[in-house]
**Student:** 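Next up is a structure, given as structure tokens.
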Protein chains: 2
Amino acid sequence: MSVEVSAGLQALDGDVFDTNCPSRGVLEHVTSRWGVLVLAALGERPMRFSELHRRIGGVSQKMLAQTLRALAADGFVDRQVTPAAPPQVTYRLTALGEQAAAHVVGLVGWIERHLPDILAARGGA
Amino acid sequence: MSVEVSAGLQALDGDVFDTNCPSRGVLEHVTSRWGVLVLAALGERPMRFSELHRRIGGVSQKMLAQTLRALAADGFVDRQVTPAAPPQVTYRLTALGEQAAAHVVGLVGWIERHLPDILAARGGA
DNA sequence: TCCGTTGGTTACCTTGAGGTACGTACTTTC
DNA sequence: GAAAGTACGTACCTCAAGGTAACCAACGGA
């Protein structure tokens, strides 16, 4: 793989074209079906579980929880529990997450803005 | 859905948070497992099929062909056949594809550069 | 009193993404 | 004359992504 220890402490950059590079895993978390949308949503503002669930159309509770766990494990999302009568859990982006989300939001925004062009290129205008 | 005809000719922007918006489909093509890597590879330079196959570690011929077809259908990739003794097919980004690829390359590049940070956040330093 | 909300987990089941393997038609190289 | 490279298409099969449904505990409102 591409991330190795050379003299004992050196961490090299990743190479997504390499099957065995761990960056592949990170890329797949970030670009996963629901991962993209979670990052984009949290890029707007921190949200609670049910708020995210309502914001992201079509996601099941199971997949939302699973996606949030994966993003939290990669250090992109911070899970914050406020002990209260109805359980209250807030998710927010970490510093790392905000940078990743910025790129994702850029891509998502571009797609949304250029959707007419894309559909035109498809239908063959 | 979010892309509709209002007065008869107006095409609105998409909304990826809406399950029924066609932008969801486009987003999933672009962020698909192999779609990201194809866009990133073609962002470097136009390539032939076998060149792409070698460049992108782990992709099968079947999935590469399928991904290229999807991206071509969305108008991101141009397929150019040069009739020759050994078949010669070159793939290049369209104008639309270059813009999309720019965002993807940005994200991929960020992940590659920050991989050490991400792995550190994971392992829990 | 019973329902709905919150934030999940778990079990079960289906679908489809994606891998393997083989066919093809032609050509160059050993 | 046998193998290998080019650019796929197709059939077959597997495994995991992901959906559905049920459950939980505590509280507020009708």
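Computed from heavy atoms alone, side chains included, the values below leave out hydrogens, waters and symmetry copies. Here is how names work: the chains are called A, B, and so on, in the same order as the sequence lines, proteins then strands, and each is numbered from 1.
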**Student:** Do any N or O atoms from the side chain of A:Ser23 and from the backbone of A:Gly14 form a donor-acceptor pair under 3.5 angstrom?
**Tutor:**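 No.
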**Student:** Side chains of residues 34-50 of chain B: which donor-acceptor pairs under 3.5 Å do they make with residues two or more places apart or in other chains?
**Tutor:**
unit_1	atom_1	unit_2	atom_2	d
B:Glu44	OE1	B:Arg55	NE	3.1
B:Glu44	OE2	B:Arg55	NH2	2.8
B:Arg45	NH1	B:Glu51	OE2	2.6
B:Arg48	NH2	B:Pro87	O	3.3
B:Ser50	OG	B:Arg54	NH2	3.3

**Student:** Under a 4.5 Å cut-off applied to non-hydrogen side-chain atoms, are A:Leu64 and A:Leu52 in contact?
**Tutor:**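 Touching, per the 4.5 Å side-chain cut-off.
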**Student:** Restricting to non-hydrogen atoms, name the atom on B:Leu93 and the atom on B:Glu98 that form the minimum distance, rounded to 0.1 Å.
**Tutor:**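 So the minimum-distance heavy-atom pair works out to CB-CG, 3.7 Å.
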**Student:** Summarise how protein sits on nucleotides 24-30 of chain D as a single string, 5' to 3': B when a protein heavy atom is under 4.0 Å from the base, S for sugar-phosphate-only contact, - for no contact.
**Tutor:** ---S---
**Student:** Quick one: which residue pairs count as a side-chain hydrogen bond (donor to acceptor under 3.5 Å, both in side chains) with a foot in residues 63-72 of chain A, not counting sequence neighbours?
**Tutor:**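 Counting only pairs at least two positions apart or across chains, no side-chain hydrogen bond (donor to acceptor under 3.5 Å, both in side chains) contact touches residues 63-72 of chain A.
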**Student:** Dump the intermediate steps for side chain to side chain contact (heavy atoms under 4.5 Å, CB included) on A:Phe76 and A:Leu68, then the final yes or no.
**Tutor:** CA-CA 9 Å; A:Phe76 291 131; A:Leu68 284 168; over 6 Å; no
**Student:** Starting from P on D:dG18, measure out to CD on A:Gln66 and report it in whole angstrom.
**Tutor:**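 To the nearest whole Å, that distance equals 7 Å.
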**Student:** Rounded to whole Å, please give me the gap between CZ in B:Phe49 and C1' in D:dG5.
**Tutor:** 13 Å
**Student:** Without decimals, in angstroms, what is the distance between B:Met47 CE and D:dA7 P?
**Tutor:** 13 Å
**Student:** Taking the basic N atoms (NZ, or NE/NH1/NH2) and the acidic carboxylate oxygens, is any pair closer than 4.0 Å for B:Arg122 and A:Asp74?
**Tutor:**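 Yes, this pair counts.
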**Student:** Quick check: do A:Ser32 and A:His29 have side-chain heavy atoms less than 4.5 Å from each other?
**Tutor:** no
**Student:** Name each donor-acceptor pair under 3.5 Å that joins a side chain in residues 78-86 of chain B to protein atoms two or more places apart or in another chain, with its distance.
**Tutor:**
unit_1	atom_1	unit_2	atom_2	d
B:Arg79	NH1	B:Tyr91	OH	3.2
B:Gln80	OE1	B:Arg92	NE	3.1

**Student:** Within residues 54-63 of chain B, which residues have any heavy atom lying less than 4.0 Å from an atom of DNA chain D?
**Tutor:**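 Correct list: B:Arg54, B:Gln61, B:Lys62.
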**Student:** A:Arg33: which residues meet the salt bridge (Lys or Arg N to Asp or Glu O under 4.0 Å) condition with it, sequence neighbours left out?
**Tutor:** B:Glu28
**Student:** Which residues in residues 29-39 of chain B have a heavy atom closer than 4.0 Å to any atom of DNA chain C?
**Tutor:** B:Arg33, B:Trp34
**Student:** Could you pull out the closest heavy-atom pair between A:Ala121 and B:Leu96, with the gap in Å?
**Tutor:**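 A:Ala121 and B:Leu96 have their closest heavy atoms at CB-CD2, 4.3 Å.
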**Student:** Could you give the side-chain donor-acceptor pairs of residues 104-120 of chain B under 3.5 Å, partners two or more places apart or in another chain?
**Tutor:**
unit_1	atom_1	unit_2	atom_2	d
B:Trp110	NE1	A:Gln99	OE1	2.9
B:Trp110	NE1	B:His114	NE2	3.2
B:Glu112	OE2	A:Val16	N	2.9
B:Arg113	NH1	B:Gly109	O	3.3
B:His114	ND1	B:Asp117	OD2	3.3

**Student:** 5' to 3' on DNA chain C, which nucleotides open and close the contacts with chain A (atom under 4.0 Å from a heavy atom)?
**Tutor:** C:dT6 to C:dA11
**Student:** Mind calculating the distance between OH (B:Tyr91) and P (D:dA7) to the nearest angstrom?
**Tutor:**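 Going from B:Tyr91 (OH) to D:dA7 (P), I get 8 Å.
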**Student:** Would you check if A:His53 and A:Val59 make a side-chain contact, meaning some heavy-atom pair closer than 4.5 Å?
**Tutor:** yes
